[in-house]
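Whatever order the structure lists them in is the order used to number ligands and atoms, beginning at 1. For clarity, every value in this text was computed on a predicted model and none was experimentally measured.
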Amino acid sequence: MVNPKASKKAEPADYVEISLIKKSYKGILLESPESDKGIVLIKLDSGYNIGFNKKNIVEIKMIKKFSEKKEDVEVKGQADEPKIAMIITGGTIASSYDVKTGGVAPLTKPKDLFRFYPDLFEKVNVLKVEVPFMKASEDMDFKDWQKIARTAEKLLNDVNIKGVIITHGTDTLHYTSAALSFFLKNLNKPVVLTYSQRSIDRASSDANLNLQCSALAAISDIAEVMLVGHASTNDDFCYAMPGCKVRKLHTSKRDAFKIVNAKPFAKIYPDKIEIISDHNSRKKGKVKTDVKFEEKVALLKIYPGQNPDILDYYVKKKYKGIVLEIMGLGHVPTKRSKMPWTKKIKEVVAKGLVVCVAAQTIYGRLDLLVYSNGRELLNAGVIPLEDMLAETALVKLGWVLGHKDWDVKEKMLENMVGEFSDRLEE
Ligand code: ASP
């Protein structure tokens with residue numbers, strides 16, 4: 001019971017009316033905050049939460065008891081539709097509104113998840129669902145990317161499965177999509193990563209369109225690691241974007257992910273797919289994972305006035321490689337007498353640290369030959385990564401360094417999975 005003055009035993013999630021001396025409010029009773037049990041919280045019909053001091057409450061009247069009855073939903077679609085598999089990893093797309101706390105809570109059972117997106121089953125039959133872990137993507141690291149890759153390998157090598165959809169949190173989705181681009185060798189079928197910015201039980205959720213378009217991508221001929229999501233804030237079509245040329249560029253909008261320095265593979269509507277650019281097609285043969293990874297890699301953004309001594313820290317901590325996100329066409333503070341980055345970079349490169357550089361402008365391509373500061377930086381021994389995204393560069397550097405017998409510079413500059421683009425027309 002929440003309050004001794006309650007007329008019946010009102011529990012969190014029940015619909016109640018709270019009466020103060022002069023006014024009353026209706027809404028869903030939420031759990032009191034851990035830090036202040038003297039507060040009674042309700043979610044108003046408008047969706048806003050409001051808190052009352054227990055002392056001011058005259059009565060809590062229960063209007064409707066919360067009932068947790070849920071329909072039982074089969075985890076499958078039409079038997080004769082093409083068969084796909086899903087890997088569920090957590091994030092908002094695997095969360096729903098929690099009536100007790102007013103926040104979002106993870107959905108851990110596939111059946112719970114399937115209740116929310118019946119439209120997915122119109123075009124595909126979800127034959128298998130794997131849940132290697134349930135995490136917010138900010139808590140993931142390279143070991144999680146390896147787990148997802150191994151799970152995908154198993155599913156892609158099942159002859160009955162046409163493609164795989166991976167649902168994932170948005171915050172670090174572009175790191176995972178880059179990692180899978182490198183980890184899955186001899187890719188024979190589509191691997192589609194998707195997300196939602198709003199939990200799937202909300203009317204405004206973006207999950208439904210993203211999942212419907214992902215289903216079409218998973219049964220298409222595009223045998224690539226791709227991220228499928230809203231192309232704009234409208235709920236009309238998605239883009240299928242190459243996994244290593246995509247980045248989260250908005251905190252909350254549905255079209256949070258944008259393709260950078262490349263073209264999407266396809267425009268996907270819920271009922272049709274329009275191919276836009278070249279892609280690898282389905283092929284026979286088995287996928288093989290190559291998930292070797294050196295975890296001692298870092299990503300550092302350069303800012304005006306920054307002291308280069310920070311690089312000594314990475315050497316001391318035995319880092320093997322670092323990606324510097326550098327300014328403009330390819331510059332670091334150079335002519336500052338006390339702190340020339342170029343001098344420090346030369347020093348740490350000589351000590352064995354691999355230093356790669358990527359553009360902090362995000363869009364465009366580095367060109368270290370235009371200004372003398374850029375040429376000096378090149379002479380300091382950096383590996384210039386042209387138009388590669390810094391996040392993709394970090395993942396690739398960890399993967400390349402994981403292969404002890406590889407020539408790091410040669411591999412970092414080799415276009416392995418479309419991480420470099422040809423110069424794009426304006
Ligand atoms: N923080 C969440 C995550 O990345 C946000 C989301 O799911 O979109 O897992």
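The nearest heavy-atom contact from the protein to atom 8 (O) of ligand 1 is T170 OG1, 2.5 Å.
The ring pair (Phe, Tyr, Trp, His ring centres under 6.0 Å) check on H403 picks up W399, W406, with sequence neighbours excluded.
Residue-ligand proximity, A136 to ligand 1, at heavy-atom distances under 4.0 Å covers atoms 9 (O). Every atom of ligand 1 is numbered from 1 in the order shown, and the set under 4.0 Å from a heavy atom of E138 is 1 (N), 2 (C), 3 (C), 4 (O), 9 (O). Residue T92 approaches ligand 1 through these ligand atoms, each under 4.0 Å from one of its heavy atoms: 5 (C), 6 (C), 7 (O), 8 (O). In the vicinity of G91, heavy-atom distances shorter than 4.0 Å reach the ligand 1 atoms 7 (O), 9 (O).
Checking only distances, Q197 never comes within under 3.5 Å of ligand 1, N or O to N or O.
Looking at K147 and E130, their side chains never come closer than 4.5 Å, going by heavy atoms from C-beta outward. Looking at heavy atoms from C-beta onward, I148 lies in side-chain contact with H168 at the 4.5 angstrom threshold. A 4.5 Å side-chain heavy-atom check between R247 and F257 finds every atom pair outside the cut-off.
Under 3.5 Å, the side chains of K288 and N157 contain no donor-acceptor pair of N or O atoms. Under 3.5 Å, the side chains of D221 and S281 contain a donor-acceptor pair of N or O atoms.
If you check each of A256, S137, G90, S196 against atom 4 (O) of ligand 1, the one with the closest non-hydrogen atom is S137.
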